[in-house]
Amino acid sequence: MEFLPFKEFTEEAGNLIRRALEELKIDAEPILETPPSGIADLALPTYPLIPIARQMKIEDITGLLYKKINELLNKLGRGWIKEVERKGVYLNFQIDQAKLTKKTLEEVLSSGETYGNLSPKKETILLEHTSANPSGPLHIGRARNPIIGDTLVRILRAAGYEVNAQFYVDDVGKQVAILTWATRNLSEESLPPCSRDKPGYRLVRYYQKASQLMLGQERVAEGINELVRSFENVEEKSLAEAKRSYQPVLDGVLESLEKINVGFNSFAHESAMIKSGLTQEVIGKLKQSSFAGHEDSAWYLELKEFGIKGKDTKFYFTRRDGTSLYTTRDIAYHLWKAGQADHLINVLGEDHKLEARQVEIALDLLKVKRKPKTVFYAFVSLAEGRMSTRKGRVVYLDDLIDEAVALAYQEVKKRRGEDLSETQLREIAELVGIGAIRYNIVKVQPEKAIRFKWEEALNFDGDSAPFIQYAHARCRSILKKAGNSVRIGNPNYTLLSHPMETALVKKIARFPELVKTMAENNRPNLMAGYAFELATLLNQFYRDCRVVSSGKFEAPRLELVKAVAQTLKNSLALLGISAPDYM
RNA sequence: GGGCCUGUGGCCUAGUUUGGAUAUGGCGGCAGCCUCCUAAGCUGCAAAUCGGGGGUUCAAAUCCCCCCAGGCCCGCCA
């Protein structure tokens, strides 16, 4: 049983209105909306009825409907609807607050950390995210991908799906070939000093140097192409050599991601799409297509018919030498993925939009029904311009993590240096710093481009993770303080009638619906907004309502605080952020 | 040249899918609040031609058309 009180309330109101309209012989479908805060829980504007009941004045229609609805309400009984009020040309519906409070608090407190989870769907999702080229450490432009991806994974799991988070390792592409060539041919002495003692930072210098050489020297470019061809021919020796080059880089990337609570369930290797013969199968089938053509022995699909526009509408799926291209292998990968799960989701940079469309068209031509839904995100740029590993114009995720944790340490030491141990200070700094990074990235809609600014990335005030973590800590602090106070078996929830208390209950009650919305629309940024609003309400409640030693209010308020803490914690969990008990 | 995305106070941002009641918050600024559950908090003030112009509608930030600006793309790269 899913707990979706506002959904049930809205359905009840909808049915009631439909019945009233029917009995009044007005042929219209009600459109319900959520009114501005405080006015009501649900509203029906009666404007749309004007053209239908032309002979009547708007006031009369509203009045008539108002009377009819109340009549029906008395006749049929009430579920979630407490009352209906008439305000101007609106009919406002109020939810039964006493019932909502009791049901919500019971639900949260009995469900605990599963509050907000929807019933299991028995459907699986393969969600691919990050899939960064293992040619250097992760920079913050790319870091948007794992944070959006991992948050989505957590949300979809809460929504009842079995989710496989997969990293697609591009181990046969040009980037890896460059790196492999570099480790084979360049010497340590020819490179600039290493900025961090990690394999990825040591190796990226090789990659950067070889990238430069490749542009000027034919010999280097040929050596790299030679490697690409050997990958394509599945020459085990060079594939093994490539793996020795990129694996330490990839391990470093995964290590950095682990620090920000991002993990994967599986890895798929691009080389496997060649080894299995699937890539050749794709090439063979695409050649049969009526949209296929070739220029010498380089094959392409003409995509004009599919709405692709621009300078060149051809999509090449083989090179002149017959080797496959990244997109060709990606089609093979998706062909394979289609057999792995019920739903496919990808998180990709917006630069992949055309590529994703090409894959989709190819999958159509191959008669593959199960196609991916893609979440695209815009790039994070620097004031100096776009980030580029090759040019070394980047801010690395590791540096951002270090800065965030160091700053968080300063802050927590300033506030709690006196009464917390060094270990505790370090632990809190870690949680706060990491939380801030994830939150500040995920809170913005993925499709908006971000210009990276340190002060924004390290924001700890207002709309930030520490704000929410602090609200949680406040709750835990109250509960701790109340500690041994007498527990009454059945708290009197009807005492929770202060505006802040009802506002908190309503907010908490909407959490499962939010999970549903986020999962249906792949919108992880909504989680950040919700957590912030709930934390804000808690702070206002904290200001207005004394909990500990508040007499008869203490017991029910403690239950409310418990429920708020749980919901904040669960919200943060979906964001991949820890909820400390103190800070 | 074309396609996709974005444009909301000084800065950042919600709302746009499904048109409706004074356009949401944050940062920064100014003025206040700790004898009381942690002030990473709270309250108030100033600050917005919702990129611009047309149109549809009783009603437009939201829908349609045109234009402007920024991002991304139009490789036998990935």
Side-chain angles (χ1 to χ4, degrees), chain A residues 31-33 35-37 39-40 43 45-48 50-51 58 87-90 92 133 135 170 173-176 228 270 295-300 307-327 329-330 349-355 357 376 378-379 381 386 408 411-412 414-416 419 432 436 440 443-445 447-451 453 455-456 459-471 473-482 521 525-526 529 532-533 535-536 538-540 542-550 557 561 582-583:
Chain A
I31 300 160
L32 287 160
E33 60 181 57
S37 61
I39 296 175
T46 53
Y47 288 111
I50 295 170
I58 179 75
K87 181 141 187 185
V89 289
Y90 289 91
N92 292 332
N133 268 313
S135 55
D170 183 0
K174 201 153 210 165
Q175 255 65 312
V176 164
V228 170
E270 206 176 347
E295 205 168 295
D296 297 331
S297 45
W299 284 77
Y300 61 83
I308 300 294
K309 291 165 184 165
K311 277 186 259 184
D312 192 356
T313 53
K314 289 188 186 71
F315 153 53
Y316 280 87
F317 59 91
T318 78
R319 292 195 182 88
R320 191 177 298 241
D321 61 7
T323 56
S324 65
L325 287 121
Y326 167 81
T327 307
R329 300 188 292 271
D330 203 21
E350 62 178 343
D351 55 334
H352 276 65
K353 274 188 182 176
L354 176 62
E355 191 263 347
R357 181 75 189 118
F376 292 103
F379 282 106
S381 61
R386 192 173 165 174
E411 293 294 320
V412 68
K414 193 168 73 193
R415 294 172 167 86
R416 306 297 305 279
D419 38 40
V432 167
N440 290 329
K443 74 176 176 181
V444 181
Q445 285 184 22
E447 55 270 23
K448 287 208 184 197
I450 297 178
R451 258 193 322 278
K453 294 188 193 95
E455 64 269 31
E456 277 174 18
N459 175 37
F460 291 174
D461 303 309
D463 188 8
S464 69
F467 177 95
I468 298 156
Q469 291 171 316
Y470 184 70
R474 271 188 156 169
C475 291
R476 300 308 315 176
S477 176
I478 291 171
L479 295 170
K480 190 179 170 197
K481 195 132 205 166
N521 304 299
N525 58 305
L526 298 181
F532 176 59
E533 286 160 15
T536 300
L538 185 274
N539 283 330
Q540 291 166 342
Y542 184 88
R543 174 199 65 205
D544 292 342
C545 305
R546 179 78 202 178
V547 178
V548 179
S549 311
S550 60
R557 281 180 180 169
V561 169
Y582 56 87
M583 63 186 277

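The chains referred to below are lettered A, B, ... by the order of the sequence lines, with proteins before strands, and numbering in each begins at 1.
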S.K.: Considering every strand and a 4.0 Å limit on heavy-atom distances, what is the contact class for A:Arg476: base, sugar-phosphate, or nothing?
M.R.: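 It contacts nothing in the nucleic acid.
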S.K.: Closest heavy-atom contact between A:Glu270 and A:Gly173?
M.R.: OE1-N, 4.5 Å
S.K.: Taking the C1' atom in each of B:G55 and B:G19, what is the distance between them to the nearest angstrom?
M.R.: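 Roughly 15 Å separates the two C1' atoms.
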S.K.: Would you indicate which nucleotide in B:C37, B:U8, B:A40 comes nearest to any side-chain atom of A:Val432?
M.R.: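 Of the candidates, B:A40 comes closest.
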S.K.: Let me know the distance between CZ of A:Arg357 and P of B:C74, rounded to the nearest Å.
M.R.: 16 Å
S.K.: Whole angstroms only, please: what is the CG-P distance between A:Asp321 and B:C76?
M.R.: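 Nearest whole value for this atom pair: 13 Å.
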S.K.: Apply the syn/anti split at 90° from 0 to B:C74 and say which one it is.
M.R.: anti
S.K.: Using the P atom in both, what is the distance from B:A60 to B:C34, to the nearest Å?
M.R.: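 Approximately 47 Å lies between the P atom of B:A60 and that of B:C34.
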S.K.: What's the closest nucleotide to the A:Val444 side chain, out of B:A39, B:U13, B:C42?
M.R.: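 Ranking B:A39, B:U13, B:C42 by closest atom to the A:Val444 side chain puts B:U13 first.
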S.K.: Which helical stems does RNA chain B take part in, if a stem means at least 3 consecutive Watson-Crick or G-U pairs with both distances below 3.5 Å?
M.R.: B:1-7 with B:68-74, B:10-12 with B:25-27, B:29-33 with B:41-45, B:51-55 with B:63-67
S.K.: Nearest whole angstrom, please: distance from the P of B:G15 to the CD of A:Glu447.
M.R.: 9 Å
S.K.: So, is A:Gln445 near the phosphate of B:U16, with a side-chain N or O under 4.0 Å from OP1 or OP2?
M.R.: no
S.K.: Consider the side chain of A:Ala298, meaning its heavy atoms from C-beta on, and name the nucleotide among B:C42, B:C76, B:C37 that approaches it most closely.
M.R.: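 Per side-chain heavy atoms of A:Ala298, the pick is B:C76.
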S.K.: Atom CG of A:Leu538 and atom P of B:C42: how far apart are they, to the nearest Å?
M.R.: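 My rounded result for the distance is 10 Å.
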S.K.: Taking atom P of B:U43 as reference, at what distance in whole Å does atom CG of A:Asp544 sit?
M.R.: 9 Å
S.K.: If I take atom CG in residue A:Leu526 and atom P in nucleotide B:U13, what distance separates them, rounded to the nearest angstrom?
M.R.: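 My rounded result for the distance is 16 Å.
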S.K.: Report the nucleotide, chosen from B:C12, B:C58, B:A40, that has the shortest atom-to-atom distance to any side-chain atom of A:Phe460.
M.R.: B:A40
S.K.: B:G15 and B:U35: how far apart are their P atoms, nearest whole angstrom?
M.R.: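 Roughly 40 Å separates the two P atoms.
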S.K.: Using the C1' atom as the point on both nucleotides, what is the distance between B:U17 and B:G2, in whole Å?
M.R.: 26 Å
S.K.: Sticking with atom P, work out how far B:U56 lies from B:C12, rounded to a whole angstrom.
M.R.: 34 Å
S.K.: Would one find a side-chain N or O of A:Tyr470 under 4.0 angstrom from OP1 or OP2 of B:A40?
M.R.: yes
S.K.: Nearest heavy atom decides the nucleotide; on that basis, is A:Ala408 or A:Thr327 closer to the 5' end of RNA chain B?
M.R.: A:Ala408
S.K.: Any salt bridge between A:Glu411 and A:Lys414, counting N to O under 4.0 Å?
M.R.: yes
S.K.: Spell out protein contact along nucleotides 59-71 of chain B as letters: B when the base is contacted, S when just the sugar-phosphate is, - when no protein heavy atom is under 4.0 Å; keep the 5' to 3' order.
M.R.: ------------B
S.K.: Assess whether atom CG of A:Leu32 is packed by more than 12 heavy atoms of other residues, nucleotides or ligands within 6.0 Å.
M.R.: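 Count over threshold, so yes.
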S.K.: In whole angstrom, give me the gap between the C1' atoms of B:U13 and B:A61.
M.R.: 14 Å
S.K.: Within 45° of the ring axis of A:Tyr582 and under 6.0 Å from its six-membered ring centre, is that where the NZ or CZ of A:Arg416 lies?
M.R.: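 Judged by the rule, A:Arg416 and A:Tyr582 form no cation-pi pair.
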S.K.: What is the distance from CG of A:Asn539 to P of B:C33, rounded to the nearest Å?
M.R.: 20 Å
S.K.: Of all heavy-atom pairs between A:Ile468 and A:Phe532, which one has the smallest distance, and what is that distance?
M.R.: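 A:Ile468 and A:Phe532 have their closest heavy atoms at CD1-N, 3.8 Å.
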S.K.: Would you mind telling me which residue lines up with the more 5' stretch of RNA chain B, A:Phe467 or A:Arg320, judged by nearest nucleotide?
M.R.: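 Going by which nucleotide is closer to the 5' end, it is A:Phe467.
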S.K.: Indicate for each nucleotide in nucleotides 21-27 of chain B, in 5' to 3' sequence, whether protein heavy atoms under 4.0 Å reach the base (B), only the sugar-phosphate (S), or nothing (-).
M.R.: BB--SSS
S.K.: Can you tell me the distance, in whole Å, between the CZ atom of A:Arg415 and the C1' atom of B:C34?
M.R.: 14 Å
S.K.: For A:Val228 and A:Arg319: C-alpha separation, side-chain torsions, deciding distance, then whether side-chain contact (heavy atoms from CB on, under 4.5 Å) applies.
M.R.: CA-CA 12 Å; A:Val228 170; A:Arg319 292 195 182 88; 4.0 Å; yes
